[in-house]
Amino acid sequence: MTATTESMTATPSAPDTAGPLLSTLEAPAALRELSERQLTGLADEIRAFLIEKVTAVGGHLGPNLGMVELTLALHRVFTSPHDTLLFDIGHQAYVHKLLTGRAAGFTTLRQAGGLSGYPSREESPHDVIENSHASTALSYADGLAKARQLHGEQDRAVVAVIGDGALSGGMAWEALNNLGGAPDRPVIVVLNDNERSYAPTIGALADHLHQQRAQSDDSIDWLVRQAPAARFGGCDAEADGPLPLARSLFELLGFAYIGPVDGHRLRPVEEALSLARELGRPVVVHTVTSKGKGYRPAEDEPQDRMHTCGVIDPHTAEPLKQSSTPSWTSVFSDQLCSLGQRHENVVALTAAMPGPTGLARFAERFPQRCFDVGIAEQHAVTSAAGLATGGLHPVVAVYATFLGRAFDQVLMDVALHRLPVTFVLDRAGATGPDGPSHHGMWDLALLGAVPGLHVAAPRDATRLRELLDAAVRYEDAPTALRFPKGGVGEDIPALERIGPVDVLHRSGISDVLLVAAGPMAAPAREAALRLEGQGIGVTVADPRWVLPVSTELVQLASRHRLVVTVEDNIRTAGLGTALARALDDDGCGTPLRALGLPGRFLPHASREDLLRRAGLDAKGISQAVLRARAHKPHQQPDPHTPAEVS
């Protein structure tokens, strides 16, 4: 380990201290006053600060350790917010946050009421977009450049920093098609090439970038050796003309191409960015960085270079908090491997996230039957449709929040053809510290519109296994399973099963039927006990297959005086809405009160806190039942306001 790396991994003794340069940095403009030696020291301070703060609270560590020098150069060459800096994906913007006055907030990173883990318009005028779904920044840049052109604002640069992993998304190429075809709109695309998204990037683009890196000594000296006309359009940097023989795919698309440039050498990166601005045309600046740079545990981590970390010891990278229960993801992972052993037709697909979605073990066991398609959810779904057409049963594992990107493909490419594809939606419901773009609270609303799709919500590990087994046995319809982030908890046994419906609790009087979707079964059962203490008879039912609504659930509901549904989806479109429609279609007059998440973007906080704020804990459920029985209107708690602990 070098002396520089040792200094970076040293944890300051004071809990909230930054280094002498970082602590005095009030605005990005001050960076232009620093000498090269001071900038090198500042880069060391930033890495030490990130290691200290992120390991203390958890977050995206590896990507940001690789962004230090590149972000310093961006803020020295461009004047934010007059010039617009866009980050894709937003989890690589921690250094940007530090340089724009938010160092003090890092003790609250991703905590309730604290600093967001992504760019946030509420936090700073330097943050322009905060949607942390990948491959979008180039389209934002295209629209912004058009707006600047229409307004006659020729002095405001538009810069999109995109990771090579995000560049695997189809939407990025739709934007490149427009950007490269508009030489009069000078958008600068900074390609942060670290050969990874979560896992190593894959496909022909990754191979092309590897070839580009192999042809370069990672310096910018070639700019001195070659006349600008030889690289940027035939005559001079400003003139139009035929492009020379292209060295890169980007040049074929109409961009000037600068690089590859070593993204950890400040002076070459600054020179490349300055030249890109001067060219006055669409430019790709190809920078090469190392994910986890300067932190040995991240550099040595073989899977994702510590893309994210929990609360860990900064010296050993060992977790300081050990979970005593398996995660939902790990239970799924084990069961899928078991199914793969028993069913040779089961294959799996991931959109660049084999580890986080639980497919890594399946990929190790069955490498020929697991496909990483890059950050390309639309392609993943239609590719799965092709696999199903070819006689296989694909399992598409994706975060619930990302399935919305492929809704058309689910509807028209899978469901229309009644293909046996299983979607496994991890991080469903309120997910916690990643905030509004990552809460998986819209999936039931979307999937409820898909004809023939069967959606399951397991309440515990045993139900996850049995429902996944059932899903992959479907031969003429798509299926989906949704489960939350975190520990799976203890099994909740059923008193009896009526068709697909499990009855979990029953009193002698059929006053209220609590219909709990998946993991909401536990607080619903606790709410039932609270209500029984007040003399109210309650039945708790888990439908297991939440969509479409079963006839058995409708019949059970018709035998009660009130039905209350509980789900960690938006309450305006999900299980409650579907059951209410089914009751009405059946001519059942039993009133229904739907409980769920509000149809608003929720802040970042723990899942438990967010559910409690939304009234989806035992106390909130029992209070809602009492209001419904008294014919009082529903009161949706404000998720932005902390709730009292039950």
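For the pair Ile46 and Leu42, the minimum side-chain heavy-atom distance is below 4.5 Å. Between Glu36 and Leu266 the shortest side-chain heavy-atom distance does not fall below 4.5 Å. Considering only heavy atoms from C-beta on, His264 comes within 4.5 Å of Ser290 through its side chain. Counting only heavy atoms from C-beta outward, the side chains of Lys53 and Leu109 never approach each other to under 4.5 Å. Looking at Pro63 and Lys291, their side chains come closer than 4.5 Å, going by heavy atoms from C-beta outward. Looking only at side-chain heavy atoms (C-beta outward), Cys370 and Glu364 stay at 4.5 Å or farther from each other. With a 4.5 Å cut-off on side-chain heavy atoms, Asp127 and Arg102 count as touching. When side chains are defined from C-beta on, Val269 does not count as touching Leu74, because their heavy atoms never get closer than 4.5 Å.
Between the side chains of Gln111 and Thr108, not a single donor N or O lies within less than 3.5 Å of an accepting N or O. Side chains of Thr357 and Asp426: no donor on one and acceptor on the other come within 3.5 Å. In this structure, a donor-acceptor pair under 3.5 Å is present between the side chains of His82 and Asp155. At a cut-off of 3.5 Å, with distance as the only test, a side-chain donor of Tyr257 or His286 sits close to an acceptor on the other residue.
With values rounded to the nearest 0.5 angstrom, Ile188 atom CD1 is found 11.5 Å from Thr84 atom OG1. Of the inter-residue distances, the one linking Asn194 atom CG with Thr201 atom OG1 reads 7.5 Å to the nearest 0.5 angstrom. To the nearest 0.5 Å, atoms NE2 (His307) and CG (Asn64) are separated by 9.0 Å. The distance from the OG1 atom of Thr71 to the CG atom of Leu85 is 9.0 Å, given to the nearest 0.5 Å. To the nearest 0.5 Å, atoms CG (Leu602) and CG (Leu610) are separated by 6.0 Å. Taking CD1 from Ile258 and CG from Leu275, the interatomic distance works out to 4.0 Å, rounded to the nearest 0.5 Å.
Residue Ala43 comes nearest to Leu72 through the heavy atom pair CB-CD1, 4.2 Å, listed as atom of the first residue, atom of the second, then distance. Scanning both residues, Leu209 and Asp164, for their nearest heavy atoms gives CD1-CB, 3.8 Å. Minimum heavy-atom separation, Val283 to Phe255: N-CD2, 3.8 Å. Contact between Leu70 and Val190 at its shortest, heavy atoms only, is CD1-CG1, 4.0 Å. Counting all heavy atoms, side chain and backbone alike, Thr287 lies closest to Asn192 at OG1-CA, 3.7 Å. The nearest pair of heavy atoms linking Arg405 to Ala134 is NH2-O, 2.6 Å.
Between the Arg196 side chain and the Gln303 main chain, a donor and an acceptor come within less than 3.5 Å of each other. Ser135 contributes a side-chain N or O that, together with a main-chain N or O of Ala166, makes up a donor-acceptor pair within less than 3.5 Å. Side chain of Arg277 to backbone of Pro186: no donor-acceptor contact under 3.5 angstrom is found. For Glu45 (side chain) and Leu22 (main-chain N/O), a donor-acceptor pair under 3.5 Å exists by modelled atom type. Arg148 contributes no side-chain N or O that, together with a main-chain N or O of Glu153, makes up a donor-acceptor pair within less than 3.5 Å. Using a distance-only test at 3.5 Å, with no hydrogens or angles considered, no donor-acceptor pair links the side chain of Ser116 to the main chain of Pro119. At least one donor-acceptor pair under 3.5 Å links the side chain of Arg121 to the backbone N or O of Val128. Checking side-chain atoms of Tyr295 against main-chain N and O of Pro314 turns up a donor-acceptor pair under 3.5 Å. The backbone N or O of Ser437 sits less than 3.5 Å from a side-chain atom of Thr401, completing a donor-acceptor pair.
When the shell of 6.0 Å around NE2 of His208 is examined, it contains more than 12 heavy atoms from other residues, nucleotides or ligands. More than 12 heavy atoms of other residues, nucleotides or ligands lie within 6.0 Å of CZ in Arg600, so this atom counts as buried by the packing criterion.
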Next on the checklist: Could you walk me through whether Asp83 and Val159 satisfy the side chain to side chain contact (heavy atoms under 4.5 Å, CB included) test, starting with their C-alpha distance in whole Å, then the side-chain angles of each, then the deciding distance to 0.1 Å, before giving a yes or no?
Outcome noted: CA-CA 8 Å; Asp83 296 323; Val159 184; 5.7 Å; no

Next on the checklist: Pair Leu273, Val285 - check side chain to side chain contact (heavy atoms under 4.5 Å, CB included), show working.
Outcome noted: CA-CA 7 Å; Leu273 294 175; Val285 178; 4.3 Å; yes

Item to check | Derivation and outcome, side chain to side chain contact (heavy atoms under 4.5 Å, CB included), residues Arg267 and Glu270 | outcome: CA-CA 5 Å; Arg267 180 176 290 179; Glu270 285 189 34; 5.8 Å; no

Next on the checklist: Apply side chain to side chain contact (heavy atoms under 4.5 Å, CB included) to residues Tyr94 and Leu61 and explain how you reach the verdict.
Outcome noted: CA-CA 9 Å; Tyr94 286 14; Leu61 183 57; over 6 Å; no

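Under the side chain to side chain contact (heavy atoms under 4.5 Å, CB included) test applied with Ile89, the options Val161, Ile162, Ile375, Thr136 reduce to a single match, Ile375. Paired with Asp434 under the rule side-chain hydrogen bond (donor to acceptor under 3.5 Å, both in side chains), one option of His60, His604, Arg110, His91 passes, and it is Arg110. Tested against Tyr399, the residues His438, Lys485, Arg427, His133 include a single side-chain hydrogen bond (donor to acceptor under 3.5 Å, both in side chains) partner, Arg427.
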For residues 23-34, please give each side-chain donor-acceptor pair under 3.5 Å, one per line with the distance, not counting sequence neighbours.
unit_1	atom_1	unit_2	atom_2	d
Ser23	OG	Gly19	O	2.9
Ser23	OG	Pro20	O	3.2
Thr24	OG1	Pro20	O	3.1
Thr24	OG1	Leu21	O	3.0
Arg32	NE	Arg76	O	3.0
Arg32	NH2	His75	O	3.3
Arg32	NH2	Phe78	O	3.0
Arg32	NH2	Thr79	OG1	3.1

Under 3.5 Å, sequence neighbours excluded: what are the donor-acceptor pairs made by side chains of residues 169-181?
unit_1	atom_1	unit_2	atom_2	d
Trp173	NE1	Leu167	O	2.6
Asn178	ND2	Glu174	O	3.1

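Proximity of the aromatic rings of His439 and Phe601 is defined here by a centroid distance below 6.0 angstrom, and this criterion is not met.
No salt bridge links Lys293 with Glu69; every basic N to acidic carboxylate O contact stays at or beyond 4.0 Å.
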